[in-house]
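Reviewing the structure listed below.
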Amino acid sequence: MTVYNTIIIGGGSSGLLSAIHLDDNKSIMLEKNDTLGKKILITGGGRCNITNNNSLENYVKSFYNGGNFYRTAFSSFFNKDVINLLESNGCKTKIEENERVFPVTDKASTVQKTFIRILDKSNTKYTLNTNVNSVKKENDLFIVETDDSRIFKSKFLILATGGNMYPRTGSTGDGYKFAKNFGHKITKQMAGLAPLKISEKWINKLQGIDIEVKLEVKANKKSVLKDKGSIIFTHNGISGPVILNNSMEIEKHLRKNQNVIITLDFCEQYSYEELDRKLQEDFSKNSNKSIKTYLHNYLPKRMSNEYLNHLNIDPTKILNQINKKERNIIRDSLKRLVLTVSEVLEKEAFVTNSGVKRKEINPDTFESKIVENLFIVGELIEGCGISGGYNLQQAYSTGTLASKTIRKRLLYDPY
């Protein structure tokens with residue numbers, strides 16, 4: 001039986017970069033799906049937000065209280081490195097708002113196919129449709145058994161299975177089981193970057209509308225966070241970058257059975273008093289304009305009708321027909337629309353916020369502190385970054401650093 005130098009379990013973003021940088025004909029990657037990088041295809045709304053072009057310090061801040069853990073990994077292989085790797089192999093990129101990097105084709109499949117093409121030019125082997133069901137270590141060798149009773153052995157093992165979000169892509173939490181069997185602790189299950197379900201049903205009619213807002217979250221009437229950014233109304237609630245990035249904090253309060261409400265300010269540029277004066281002046285100057293048309297100054301066109309119906313104001317009324325009470329209702333709702341959060345939609349989360357505890361992993365190598373020659377990379381590690389390409393970069397960087405560590409050891413101690 002062949003004994004490999006390294007076995008990589010999982011062919012997602014972290015597994016692909018691990019295999020590419022190993023570049024070793026005595027190493028193999030095992031992937032359960034019929035293709036590699038399946039989750040890449042759904043990232044960035046199907047466009048693949050490859051990475052973020054921000055600085056290392058901004059990256060550290062973007063991983064909440066865990067960013068320093070990834071300093072060595074990011075220093076080893078960072079955003080410019082993955083961009084250069086893709087572009088030198090035919091995948092041209094572009095930088096958009098908030099330093100987000102996308103392929104110029106706007107197709108995630110371009111990124112996926114490029115990574116596979118790069119891997120095919122390397123020496124690392126891989127096999128598809130190979131579902132691992134058990135992993136153990138005996139006499140300094142890792143023994144990996146698959147569903148079809150095949151057995152693989154290696155000196156090094158990289159767990160790159162991802163978390164348990166988007167199970168249709170193969171991320172079913174297998175890595176948690178393997179890590180636990182090696183003695184690792186897994187943090188409490190929690191989603192990262194998840195949309196919210198909202199109790200108020202009228203907003204469901206706004207599905208697909210996006211708008212910039214300033215928001216405040218209150219738990220049991222106490223303010224717990226303030227932020228601003230883009231939101232998107234969905235079929236049952238709200239999503240968008242500012243919602244996704246704060247969903248973990250919101251979930252903490254929901255798990256304490258606290259009443260959580262979000263207030264949206266659509267007119268951050270005006271105080272209550274300023275908006276009140278502006279409405280009075282505009283209603284006077286444009287007395288024959290319909291209220292529905294006038295609200296286009298503050299809200300997307302598709303939103304005005306349902307918004308006014310929610311306020312029990314006839315959208316066909318002209319401004320000189322709007323009384324003071326109605327004008328005040330419009331003012332107050334533009335500055336403070338109240339929505340009740342009923343649920344964080346974990347099954348629709350983009351990443352996993354739980355995983356193997358960071359304190360059990362060496363941040364200089366991503367080797368387990370419990371089991372020698374075991375490496376844990378990517379989304380399998382607890383915590384996550386904000387949206388915008390940061391989490392994919394974490395996967396590339398940790399997978400690369402693990403492989404670079406293994407290559408160094410093989411040079412000094414070839415198996």
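Computation of the quantities below employed the complete heavy-atom set of this structure, encompassing side-chain atoms and omitting hydrogens, waters and symmetry-equivalent molecules.
For the residue pair Y294 / N286, no side-chain donor-acceptor distance below 3.5 Å is found, with atom types taken as modelled. No side-chain donor from either of N373 and K137 sits under 3.5 Å from a side-chain acceptor of the other. Judged by distance alone, the side chains of N49 and T43 never bring a donor and an acceptor atom under 3.5 Å apart. In this model, no donor atom of one side chain and acceptor atom of the other lie less than 3.5 Å apart for T405 and T365. For T340 and E200, the side-chain atoms include at least one donor-acceptor pair closer than 3.5 Å.
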For the pair E87 and T93, evaluate side chain to side chain donor-acceptor pair (under 3.5 Å) and give the outcome as yes or no after the intermediate values. CA-CA 7 Å; E87 293 214 337; T93 64; 2.7 Å; yes

Run the numbers on F142 and Y4 for ring-ring contact (aromatic ring centres under 6.0 Å, His included), then give the verdict. CA-CA 10 Å; F142 292 97; Y4 292 95; over 10 Å; no

Can L299 and I209 be said to form a side chain to side chain contact (heavy atoms under 4.5 Å, CB included), step by step? CA-CA 10 Å; L299 304 172; I209 294 173; over 6 Å; no

For I50 and L392, what are the C-alpha separation, side-chain angles and deciding distance, and is it a side chain to side chain contact (heavy atoms under 4.5 Å, CB included)? CA-CA 7 Å; I50 301 166; L392 274 178; 5.7 Å; no

Could you check N89 against K121 for side chain to side chain donor-acceptor pair (under 3.5 Å), going step by step and ending with a plain yes or no? CA-CA 11 Å; N89 284 276; K121 290 191 291 186; 2.6 Å; yes

Step by step, would you call I262 with L196 a side chain to side chain contact (heavy atoms under 4.5 Å, CB included)? CA-CA 11 Å; I262 293 179; L196 306 178; 3.5 Å; yes

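In terms of the salt bridge (charged side-chain N to carboxylate O under 4.0 Å, His left out) criterion, residue partners of E57 (sequence neighbours excluded) are, by chain and number, R71. In this view, T234 and N236 satisfy the side chain to side chain donor-acceptor pair (under 3.5 Å) rule, not counting sequence neighbours. Scanning for side chain to side chain donor-acceptor pair (under 3.5 Å) contacts around R358 gives an empty result, with sequence neighbours left out. Remark: N123 engages D23 in a side chain to side chain donor-acceptor pair (under 3.5 Å) (not counting sequence neighbours). With sequence neighbours excluded, no residue forms a side chain to side chain donor-acceptor pair (under 3.5 Å) with N312.
Contact of the N133 side chain with the E145 side chain is registered, since non-hydrogen atoms from C-beta on lie closer than 4.5 Å. Side-chain atoms of L157 and V371, non-hydrogen and from C-beta on, never get closer than 4.5 Å to each other. Between Y307 and L206 the shortest side-chain heavy-atom distance does not fall below 4.5 Å. For the pair K80/N53, a side-chain contact is recorded, criterion being any heavy-atom separation below 4.5 Å from C-beta on. In this structure, I381 and F366 have side chains that are in contact, with non-hydrogen atoms separated by less than 4.5 Å. Annotation: side chain of N245 is in contact with side chain of Y64 (closest heavy-atom distance under 4.5 Å). Side-chain contact between L16 and I40 is present, with heavy atoms from C-beta onward closer than 4.5 Å. When side chains are defined from C-beta on, Y272 does not count as touching D276, because their heavy atoms never get closer than 4.5 Å.
Within a 6.0 Å sphere centred on NZ of K369, other residues, nucleotides and ligands contribute more than 12 heavy atoms. For NZ of K94, the number of neighbouring non-hydrogen atoms (other residues, nucleotides, ligands) closer than 6.0 Å is greater than 12. In the displayed structure, K289 atom NZ is contacted under 6.0 Å by more than 12 heavy atoms of other residues, nucleotides or ligands.
The OG1 atom of T130 sits 6.5 Å away from atom CG of D148, with the distance rounded to the nearest 0.5 Å. Going from atom CD of E216 over to atom CD1 of I261 covers 8.0 Å, rounded to the nearest 0.5 Å. The OG atom of S199 lies 10.0 Å from the CD atom of E343; values are rounded to the nearest 0.5 Å. Rounding to the nearest 0.5 angstrom, the gap separating the CD1 atom in I361 from the CD1 atom in I376 is 4.5 Å.
For the salt bridge (Lys or Arg N to Asp or Glu O under 4.0 Å) condition, the pairs that include at least one residue of residues 227-254, sequence neighbours left out, are K228-E268, E249-K252, E251-R255.
Test N54, T51, N52 against Y59 for side chain to side chain donor-acceptor pair (under 3.5 Å) and you get one pass: T51. Tested against D265 for a salt bridge (charged side-chain N to carboxylate O under 4.0 Å, His left out), the candidates R336, K214, K335 yield a single pass: K335.
Ring pair F63/Y390 is perpendicular by interplanar angle, where above 60° counts as perpendicular and below 30° as parallel.
When atom types are taken as modelled, the side chain of K357 and the backbone of E382 share no donor-acceptor pair closer than 3.5 angstrom.
Across all non-hydrogen atoms, the minimal contact from I243 to S239 is CG1-O, 3.3 Å.
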